[in-house]
Peer 1: 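Got a structure here, written out as structure tokens. Questions coming.
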4 protein chains.
Amino acid sequence: MARAAELHRERGEKTESVVTAGVTADQLRSFVERIERLEEEKKALAEDIKEVYAEAKSEGFDTKIMRQVIRIRKMNEADLQEQEELIDVYKRALGMLPDVED
Amino acid sequence: MARAAELHRERGEKTESVVTAGVTADQLRSFVERIERLEEEKKALAEDIKEVYAEAKSEGFDTKIMRQVIRIRKMNEADLQEQEELIDVYKRALGMLPDVED
Amino acid sequence: MARAAELHRERGEKTESVVTAGVTADQLRSFVERIERLEEEKKALAEDIKEVYAEAKSEGFDTKIMRQVIRIRKMNEADLQEQEELIDVYKRALGMLPDVED
Amino acid sequence: MARAAELHRERGEKTESVVTAGVTADQLRSFVERIERLEEEKKALAEDIKEVYAEAKSEGFDTKIMRQVIRIRKMNEADLQEQEELIDVYKRALGMLPDVED
DNA sequence: TAAGCATTGTCACCCC
DNA sequence: GGGGTGACAATGCTTA
């Protein structure tokens, strides 16, 4: 049984072990603190990104366009065209592509 | 004039300087690469966070509840209480709570 | 065999029937169009909802609170209470609430 | 003053008018009910869409691919290529497009 | 039942 | 400051 089940026990159930409950609370606290720490770092990075945009803007660049370019580069790299062929089959069936000769 | 203006010149305008344009492109490339690098790090952190939640889940913790608790911890205590009170006001107006005497 | 299988045939396979393929394409087109029509209606409703919120906001209501209250109204009363209790359990484990005697 | 402000009055403030408060509550209730009604309709449409997919699936179509096709059709129609030219300028600066002669 | 995916809602940023 | 837009998180559905 996962130890966290201890936290979820129905009221009125007998506590199995004070020690176990303590461990569980410590474990939960550890998870929460790890998450909160990671979120802080993530937030700091978001601020760094904002600063770079601000710097670019102060140099005269259009940040809106920059964002679009970055988004497009991301899409290209993700290369969503897996299953491309089957999609084409359906598109053809819908008249979205010219018919081909088999 | 900010050097980025070079990129925005109308077609047909005379290019002021090939050298200047090259510098501007380099500068833009630099900004974009810095941003993309920071975003990668940010994404990696997001994945780390997901992993911690997954680990907590495998230990039997309820991640939905964990998220709510973490959100609550983030909020200012005063704001939190004010929000709770306002919810009650609205509930009361909707007959979801018994009326109270002021 | 379901008729759609016609679309999935391997290249080089002999086409069973041009007539069948045409029917299948029509059928697919029909499905797609029905879905797109329904999605349009759904989108229109989403916009209506947004408008109601905007109107409420212009009358001075706090839409964030409204959203929370509506979410609460949607939830099963029992589930809601169970969730609240679980949040308290977690808060207590994290020292955000005083300990209680069982 | 927007009438909803009545609901938000600080504790201890004198109630301006019981009648006004009643009207405000009615108004809130009206907004909430309108929203809930619209959400029900929206939910019903979502179920209709699900049913169409289920029917298509039972005819042998691959619903995952269908979803992709529908998404692509939506994107095409949205025609995000506004500001396309300026984006090209930036892409060129980043070496994502071949250089052109002005 | 869990994991991935798709949608939906929330939040923050940006511009007006 | 407020409204609109876009990113992000979170929940619910689908499938394996």
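Below, read A as the first sequence line, B as the second, and so on, with proteins coming before strands; counting in each chain starts at 1. Only heavy atoms go into these numbers, but all of them, side chains included; no hydrogens, no water, no symmetry mates.
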Peer 1: Do C/M75 and C/Q83 have side chains that get closer than 4.5 Å, going by heavy atoms?
Peer 2: yes
Peer 1: All N/O contacts under 3.5 Å from nucleotides 14-16 of chain F to the protein, with atom names and distances to one decimal?
Peer 2:
unit_1, atom_1, unit_2, atom_2, d
F/dT15, OP1, D/K57, NZ, 3.3
F/dT15, OP2, D/K57, NZ, 3.4

Peer 1: Need two values: the first and the last nucleotide of DNA chain E, 5' to 3', having an atom under 4.0 Å from any heavy-atom of chain A.
Peer 2: E/dC13 to E/dC15
Peer 1: Write down the distance between CD1 (D/I49) and P (F/dC13), rounded to a whole number of angstrom.
Peer 2: 14 Å
Peer 1: Take atom CZ of B/R71 and atom P of F/dC8, then tell me their distance rounded to the nearest Å.
Peer 2: 18 Å
Peer 1: Mind calculating the distance between CE (B/M66) and P (F/dA10) to the nearest angstrom?
Peer 2: 12 Å
Peer 1: So, C/E36 and D/K74, do they make that salt bridge, N to O below 4.0 Å?
Peer 2: no
Peer 1: May I ask you to say whether B/R37 pairs ionically with B/E41, meaning some side-chain N is under 4.0 Å from a carboxylate O?
Peer 2: yes
Peer 1: Is any side-chain heavy atom of B/R92 less than 4.5 Å from a side-chain heavy atom of B/M96?
Peer 2: no
Peer 1: Sort out for me which residue in B/R73, B/R67, B/M66, B/R71 forms a side-chain contact (heavy atoms from CB on, under 4.5 Å) with B/V69.
Peer 2: B/R73
Peer 1: Judged by each residue's nearest nucleotide on DNA chain E, which is more toward the 5′ side, C/E39 or A/Y53?
Peer 2: C/E39
Peer 1: So what is the end-to-end bend of the helix from E/dT1-F/dA16 to E/dC16-F/dG1, with 5 pairs used at each end and the value given to 10 degrees?
Peer 2: 0°
Peer 1: Within this structure, what is the CD-CD1 distance for the pair B/E40 and B/I35, rounded to the nearest 0.5 Å?
Peer 2: 13.0 Å
Peer 1: May I ask you to evaluate whether B/K43 reaches the phosphate of F/dC8, defined as a side-chain N or O under 4.0 Å from OP1 or OP2?
Peer 2: no
Peer 1: Counting only pairs under 3.5 Å, give me each side-chain donor-acceptor contact of residues 22-31 of chain A, with atom names and distances, residues two or more places apart or in other chains.
Peer 2:
unit_1, atom_1, unit_2, atom_2, d
A/T24, OG1, A/R3, O, 3.3
A/T24, OG1, A/T20, O, 2.9
A/D26, OD1, A/R29, NH2, 3.2
A/Q27, NE2, B/E59, OE1, 3.1
A/R29, NH1, C/A93, O, 3.4

Peer 1: Side chains of A/E39 and B/L45, heavy atoms from C-beta outward: is any pair under 4.5 Å?
Peer 2: no
Peer 1: Does the side chain of C/D62 reach to within under 4.5 Å of the side chain of B/Y90, using non-hydrogen atoms?
Peer 2: yes
Peer 1: Among residues at least two apart in sequence or on other chains, which ones pass ring pair (Phe, Tyr, Trp, His ring centres under 6.0 Å) with D/Y53?
Peer 2: none
Peer 1: Within this structure, what is the CG-to-P distance between A/L38 and F/dC8, rounded to whole angstrom?
Peer 2: 16 Å
Peer 1: If a pair satisfies salt bridge (Lys or Arg N to Asp or Glu O under 4.0 Å) and one of its residues is in residues 43-57 of chain A, list it, with sequence neighbours excluded.
Peer 2: A/E55-B/R34
